[in-house]
Undergrad: 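First, the structure itself, so that you have it in front of you.
Treat the numbers as computed from the prediction; the structure is a model and nothing was measured.
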Amino acid sequence: MKNQTLKGLLFLILLHLFIPQLRAQQEEGETIVENIAQIGDQHIHYLKMGSGSKTIVLLHGWPESSYMWRKMMPKLKNGNEFTIIAPDLSGVNGSSAPHGKFDKATLAQDIHKLIKHLELQNVMLIGHDIGGMVAYAYTRLYPAEILGTAILDVPLPGLGTWDNLMKTEHVWHFRFHDQKPLAENLIMGKQELYFRYFIDGHSANRAAIDQDAIKAYSKAYSTDSSLKAGFEWYRAFPQDVLFNISHKGKITTPILLVGAEYSMKDSLEDLKNSLSNLGINSIKTAFVMGSGHYLVEEELEETSKILLTFIAEVYN
């Protein structure tokens, strides 16, 4: 037990040395606090703002981290009404993955452990990219424990236009990230270069994601294990397909699908129909015009307006 405690302390010290520092960062006059939750043998790094009785959990995508939400968090806080939590998904930026599993249902279970550990109440989820896939898996696993789910600009494995999408060049990175360990060997040490290229290629407003953000994301995936974890999220897609197509129970949890004009906008109706056929009976769609895939950063104001409207509907 003593050795385990010592290892835990050393881990936390190293963690704070290498993850991007956001402790007590001021964003638009609000304070974002950085925390690490130790839950059994797992550590989950997360950002927190506010202490209200209602909770919004923000889940990031790839190749981003909780840092992507830093400007959105103050806009959603709404005075003292909400607690805003932005965890880092298992394996990256200080969040460990001792189980070595990266399918979206397992990642959702990790987020569920964090929510229970922090004793959060009146929870809704907002997920972008990989985080949107995790949010959907969470909704399937724990529908009675959340009030609403927003899924931002991401296809869901096995649903909607997924099969057709997999035949296009748009998802070249799915195939590249699936090459193990080639992807890790080629990108290690070149994260900043690759992430800049990758994000620019999927953005309509490239200037919105500055080099400081790229550096923060590169640090989040700077170790062998964290970079591997990011690729493993893609390698788990076959498992995610099986999970998604096999879960057909009726769900009344409100779901919002948000697509960017230059990304998922035209495929949202197909995804909505697919979810409806699987028993989800409360689905809305919304579009962010002028944006590429990284809509939270590219079009912060318009995306926040859409989310605030949905949040008001969920909690009323």
Side-chain angles (χ1 to χ4, degrees), residues 1 3-16 18-19 35-47 57-66 85-120 123 125 127-143 145-146 149 154 156-158 174 177-181 183-184 187-188 220-247:
M1 181 64 71
N3 288 338
Q4 285 184 330
T5 301
L6 180 59
K7 288 180 180 178
L9 289 172
L10 289 173
F11 179 84
L12 294 176
I13 292 171
L14 289 172
L15 208 55
H16 281 277
F18 290 106
I19 57 179
N35 292 287
I36 299 170
Q38 184 170 352
I39 309 170
D41 60 351
Q42 186 169 14
H43 298 86
I44 300 179
H45 173 254
Y46 65 97
L47 306 179
V57 178
L58 306 172
L59 304 176
H60 67 86
W62 192 95
E64 297 173 298
S65 67
S66 57
I85 299 290
D88 284 289
L89 297 179
S90 302
V92 305
N93 204 35
S95 291
S96 63
H99 42 61
K101 297 179 181 179
F102 298 96
D103 61 281
K104 307 314 165 290
T106 298
L107 298 183
Q109 290 164 2
D110 292 341
I111 298 301
H112 184 255
K113 287 189 291 186
L114 176 66
I115 290 173
K116 291 299 182 184
H117 176 78
L118 297 177
E119 299 181 343
L120 301 174
V123 175
L125 303 178
H128 173 250
D129 189 72
I130 296 293
M133 297 181 183
V134 176
Y136 178 69
Y138 194 109
T139 305
R140 276 296 181 186
L141 291 171
Y142 313 105
E145 298 185 26
I146 54 173
T149 302
V154 68
L156 296 178
F174 287 19
H177 295 172
D178 198 40
Q179 306 307 307
K180 180 180 181 178
E184 289 92 327
I187 301 304
M188 178 54 69
Y221 298 80
S222 62
T223 66
D224 291 337
S225 61
S226 60
L227 183 61
K228 179 178 181 292
F231 293 140
E232 291 291 339
W233 297 340
Y234 287 85
R235 294 164 186 164
F237 283 168
Q239 293 171 260
D240 301 330
V241 169
L242 294 176
F243 177 89
N244 288 344
I245 65 176
S246 65
H247 283 72

Undergrad: How long is the straight-line distance from CD1 of I187 back to CZ of F231, given to the nearest 0.5 Å?
TA: 5.5 Å

Undergrad: If I take atom CG from residue L156 and atom CG from residue D240, how far apart are they, to the nearest 0.5 angstrom?
TA: 9.5 Å

Undergrad: Can you tell me how far apart NE2 (H247) and CG (L141) are? Round to the nearest 0.5 Å.
TA: 5.5 Å

Undergrad: Given side chains that start at C-beta, do those of V123 and E145 come closer than 4.5 Å, heavy atoms only?
TA: no

Undergrad: Starting at NE2 of H43, measure out to CG of D41 and round the result to the nearest 0.5 Å.
TA: 9.0 Å

Undergrad: Please round to the nearest 0.5 Å and tell me the distance separating atom CD1 of I36 and atom OG of S95.
TA: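 Taking CD1 in I36 and OG in S95, the distance rounds to 8.5 Å.
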
Undergrad: What pair of heavy atoms forms the shortest contact from D88 to I44, and how long is it?
TA: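 Heavy-atom minimum between the residues: O-CG2, 4.2 Å.
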
Undergrad: Can you find a pair of side-chain heavy atoms, one from D103 and one from F243, that are under 4.5 Å apart?
TA: no

Undergrad: Quick one, H128 and E64 - any side-chain contact, counting heavy atoms below 4.5 Å?
TA: yes

Undergrad: Is there side-chain contact between Q38 and H117, with heavy atoms separated by less than 4.5 Å?
TA: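 Contact flag for Q38/H117 side chains = no.
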
Undergrad: Please report the shortest heavy-atom distance between V241 and G158, naming the atom on each side.
TA: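 Smallest heavy-atom distance, with atoms named: CG2-N, 3.6 Å.
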
Undergrad: Atom CG of L125 and atom NE2 of H112: how far apart are they, to the nearest 0.5 Å?
TA: 10.5 Å

Undergrad: Specify the closest pair of heavy atoms between G94 and H45, including all atoms of both residues, with the distance to one decimal.
TA: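 Closest heavy-atom pair between G94 and H45: C-CB, 3.9 Å.
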
Undergrad: Show your reasoning for whether side-chain contact (heavy atoms from CB on, under 4.5 Å) applies to Y142 and I115.
TA: CA-CA 12 Å; Y142 313 105; I115 290 173; over 6 Å; no

Undergrad: Which heavy atom of S66 sits nearest a heavy atom of H60, and at what distance?
TA: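 Heavy-atom minimum between the residues: N-CD2, 3.7 Å.
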
Undergrad: With side chains defined as the heavy atoms from C-beta onward, is the minimum distance between K104 and F237 less than 4.5 Å?
TA: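 The answer is yes, as the side chains (C-beta and beyond) meet within the 4.5 Å cut-off.
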
Undergrad: Below 4.5 Å, heavy atoms only, C-beta onward: do I111 and P87 meet side chain to side chain?
TA: yes

Undergrad: Can you name the salt bridge (charged side-chain N to carboxylate O under 4.0 Å, His left out) partners of D110, sequence neighbours left out?
TA: K113

Undergrad: Let me see the working for W233 and L107 under side-chain contact (heavy atoms from CB on, under 4.5 Å), right down to the final yes or no.
TA: CA-CA 9 Å; W233 297 340; L107 298 183; 3.8 Å; yes

Undergrad: To check you understand the geometry: which heavy-atom pair defines the closest contact between Y221 and G61, and what is its length?
TA: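 Looking at all heavy atoms of both residues, the shortest contact is OH-O, 3.7 Å.
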
Undergrad: Got a sec, which residues hit side chain to side chain contact (heavy atoms under 4.5 Å, CB included) with T139, two or more places apart in sequence or on another chain?
TA: I146, T149, I251, T253, I255

Undergrad: Do the rings of W62 and Y234 sit parallel, tilted or perpendicular, given the 30° and 60° boundaries?
TA: perpendicular

Undergrad: Closest heavy-atom contact between R235 and D178?
TA: CG-OD1, 3.4 Å

